[in-house]
Amino acid sequence: MNMVRASEHRRFTARGREFAFLIPSSMILELDDEVRSILERLSTGPKNVEEVATSPSAVEALRELASVGAVTRDGAPDVALSQVSGLLSPEAPPPLSTIVLNVTNSCNLSCRYCYEYGEDRLESAAAPQIMNEETARQSVDTLIAESGHNKKLQITFFGGETLLNFKVIRPTVEYARRRAAEEGKFVDFSLTTNATLLTRDVSQWLADNHIGVTVSIDGPKEVQDSMRVFERGMGSYDVVAPRIKELLSIYKTRPIGARVTLTSKTIDVPGIFAHLTEEMGFYEVGFAPVTSSSGLDYAIDGDGFDTLLAQFRALAGRYVDAAAQGSYLGFSNLSDILGEIHKGVAKAYPCGAGLGLLGVAPGGEIGLCHRFAGSGDHDFGDVRTGVDAAKRVEHLAKGHIDHRTDCRTCWVRSLCSGGCYHEAQVRYGDRFRPNLHYCDWIREWTGLALDAYGEILVRNPAFLERFDERKVA
Ligand code: SF4
Ligand code: SF4
């Protein structure tokens, strides 16, 4: 007997139209009457094909459902993530595309929540604080040597405060451009800064060199000054605000984004967003809630997640209304997930760490990403001696979503894939543990994003074309 069953999916509606999110593959399917009726018949369990394909149009619909993996032969597995990614048991690590250089671990701010100073820190205190030019050059060489067929490479400068080591960043950009060109490759650069050291010359150099810039800033003066302070406790808003305005007035050829660290004491997403976009002129704002350490009074936990979700929902509503009119509201958390949904990204790993990305500590030790680099236990080699390929293979084998038992039945697993390794390391002492402390939040947020996607699909599908080309991290 030829029995078929429906693959795992989650249904949602937008303005009377019905959609299904196909869980293993992250694809979205619009349900017409025929497709809906087939899925409904299969909702009570596997059926004989003849019971489902009762007319020529039903046969056609069943064929289409099978072609996208929404219906499968009973007994056959759903399209597994491992088939999508092909890395369940890698024999060799994939080529690198990105390297994050921690050009310094020092910072001229002492933000109260910063992982560089707080409990989240994995970095060894004895490690070198500033990367020298030779180590930066060796890092570039490492990226190029490990990049295989990748033609487009990315170098991200990170810190501490990156501009404390501007004297190394400048020649490194020149060197990387030259080396990449020699190899027939292209390298793009990005940098995160707290803006305290931006001068007219630095801003001009960033613009002239088309460096992607993200500014860490938490919002209006009272918010910024409550957490982002200098060593003696003085707030930083009055120092950074004019410098950011100057940067934004000089550098207009590439969108500049703000990254907000959101704590339980500063949850005011609408107010922060309005200040950073309308008053300061940032193109996009991304919010990073502090969730990794429990018991800290500024960490978001419990009711804080509900508040955060309500505020994200309100901003998402504004985003959708703007999208319906063809304009873009720079809420980058939503843009990022919409891009993943649009492209049908089915992740086997939560992020690029260890996959196409590695981090380098100031002393040259290679880590899983910038947050692990230099932490001893997690080293993946050294730029002087090369990347430890065996460790990357081991990491990818262990980190695959198919090996995360807690995630196997979770409907957002193809988008979340277990969550940040660094958060898990800090919270549970094991980077492969799923971040179960915020799963409810992730599921609610993903549901919200699906609703937003459906709304845009109905009201102005052309808006979604912007994600066809957009690279989603
Ligand atoms: S939300 Fe939780 S259970 Fe679901 S994939 Fe993410 S970490 Fe795993
Ligand atoms: S998500 Fe976490 S593990 Fe991944 S790159 Fe970011 S900090 Fe590192």
Side-chain angles (χ1 to χ4, degrees), residues 8 10 21 23-24 26 80-81 85 96-102 113-116 118 120-123 154-159 190 192 214 216 259 261 286-293 305 309 332-333 336-337 340 345-361 366-375 377-380 392 395-396 398-428 430-450 472-473:
E8 261 186 285
R10 185 178 178 90
F21 171 68
I23 293 169
S26 287
L81 286 169
S85 71
L96 289 186
S97 60
T98 305
I99 205 150
V100 186
L101 304 190
N102 276 13
Y113 46 63
C114 183
Y115 65 91
E116 290 295 331
D120 293 10
R121 185 174 180 167
L122 295 175
E123 179 81 25
Q154 176 78 35
I155 294 178
T156 297
F157 299 104
F158 210 82
S190 58
T192 299
T214 301
S216 299
R259 180 192 184 277
T261 301
F287 295 90
V290 175
T291 60
S292 60
S293 302
F305 281 122
L309 193 70
S332 57
N333 301 65
D336 289 348
I337 190 166
E340 291 182 332
V345 169
K347 291 193 227 166
Y349 301 95
C351 62
L355 193 59
L357 174 153
L358 288 171
V360 183
I366 299 170
L368 196 52
C369 74
H370 53 293
R371 285 193 148 191
F372 283 97
S375 60
D377 284 351
H378 311 290
D379 283 348
F380 281 66
R392 281 184 72 204
H395 167 82
L396 293 172
K398 279 194 189 159
H400 198 284
I401 184 70
D402 284 3
H403 291 150
R404 297 188 185 221
T405 342
D406 291 307
C407 302
R408 270 193 198 142
T409 53
C410 175
W411 76 268
V412 302
R413 64 186 180 276
S414 60
L415 291 171
C416 167
S417 219
C420 169
Y421 300 116
H422 181 267
E423 282 212 34
Q425 184 67 44
V426 169
R427 181 109 180 183
Y428 306 112
D430 175 1
R431 70 177 186 270
F432 298 115
R433 280 272 300 271
N435 280 290
L436 297 175
H437 59 289
Y438 61 36
C439 295
D440 288 343
W441 149 259
I442 296 284
R443 283 188 280 262
E444 298 253 17
W445 166 239
T446 308
L448 195 165
L450 281 181
V472 178

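Basis for what follows: all heavy atoms, side chains included, without hydrogens, waters or symmetry-related copies. Owing to the predicted nature of the structure, the values given are computational and were not obtained by experimental measurement. Both ligands and their constituent atoms are indexed starting at 1 by order of listing.
Among protein heavy atoms, atom 4 (Fe) of ligand 1 sits closest to Cys410 SG, 2.4 Å. The single protein non-hydrogen atom nearest to atom 6 (Fe) of ligand 2 is His370 CE1, 4.4 Å, given as residue, atom name and distance. Regarding atom 2 (Fe) of ligand 1, its nearest protein heavy-atom neighbour is Cys439 SG, 2.3 Å.
Between Lys347 and Ser414 there is no side-chain heavy-atom pair separated by less than 4.5 Å. Side chains of Cys351 and Tyr421 form a contact here, defined as non-hydrogen atoms less than 4.5 Å apart. Residues Leu415 and Ser26 have side chains in contact (heavy-atom distance under 4.5 Å, counting atoms from C-beta outward). You'll find the side chain of Trp445 stays beyond 4.5 Å of the side chain of Phe305, heavy atoms only. Within the 4.5 Å cutoff, the side chain of Phe372 has no heavy atoms near those of the Phe380 side chain.
The atoms of ligand 1 that sit less than 4.0 Å from any heavy atom of Val412 are 1 (S), 4 (Fe). Taking a cut-off of under 4.0 Å to the non-hydrogen atoms of Cys416, the atoms of ligand 1 that pass are 1 (S), 5 (S), 6 (Fe), 7 (S). Using a 4.0 Å cut-off to heavy atoms of Pro434, the atoms of ligand 1 that qualify are 7 (S).
Defined by atom type and a distance below 3.5 Å, a donor-acceptor pair is present between the side-chain atoms of Thr156 and Ser190.
Remark: Arg433 is positioned above the aromatic ring of Tyr428, its terminal NZ or CZ atom under 6.0 angstrom from the ring centre and at most 45 degrees off the axis.
When heavy-atom distances to ligand 1 are checked against a 4.0 Å cut-off, Arg443 comes that close only through its side chain, counted from C-beta outward. The part of Asp406 lying near ligand 1 is the backbone, judged by heavy-atom distances below 4.0 Å. Residue contacts with ligand 1 for Cys407 involve both N, CA, C or O and side-chain atoms from C-beta outward (heavy atoms, distance under 4.0 Å).
Between Glu423 and Arg431 no salt bridge is recorded (no basic side-chain N to carboxylate O distance below 4.0 Å).
Counting only distance, with no hydrogens or angles, the side chain of Arg259 and the backbone of Phe287 share no donor-acceptor pair below 3.5 Å.
Shown are Asn102, Leu358, Val360, Thr192; of these, the side chain to side chain contact (heavy atoms under 4.5 Å, CB included) with His370 is made only by Asn102.
Outside the 6.0 Å centre-distance limit, the rings of Phe432 and His403 are not counted as a close aromatic pair.
Assignment of Gly418 to the shell around ligand 1 is supported, since a heavy atom sits closer than 4.0 Å.
If you look at atom 2 (Fe) of ligand 2, the protein N, O or S atoms less than 2.8 Å from it are Cys420 SG.
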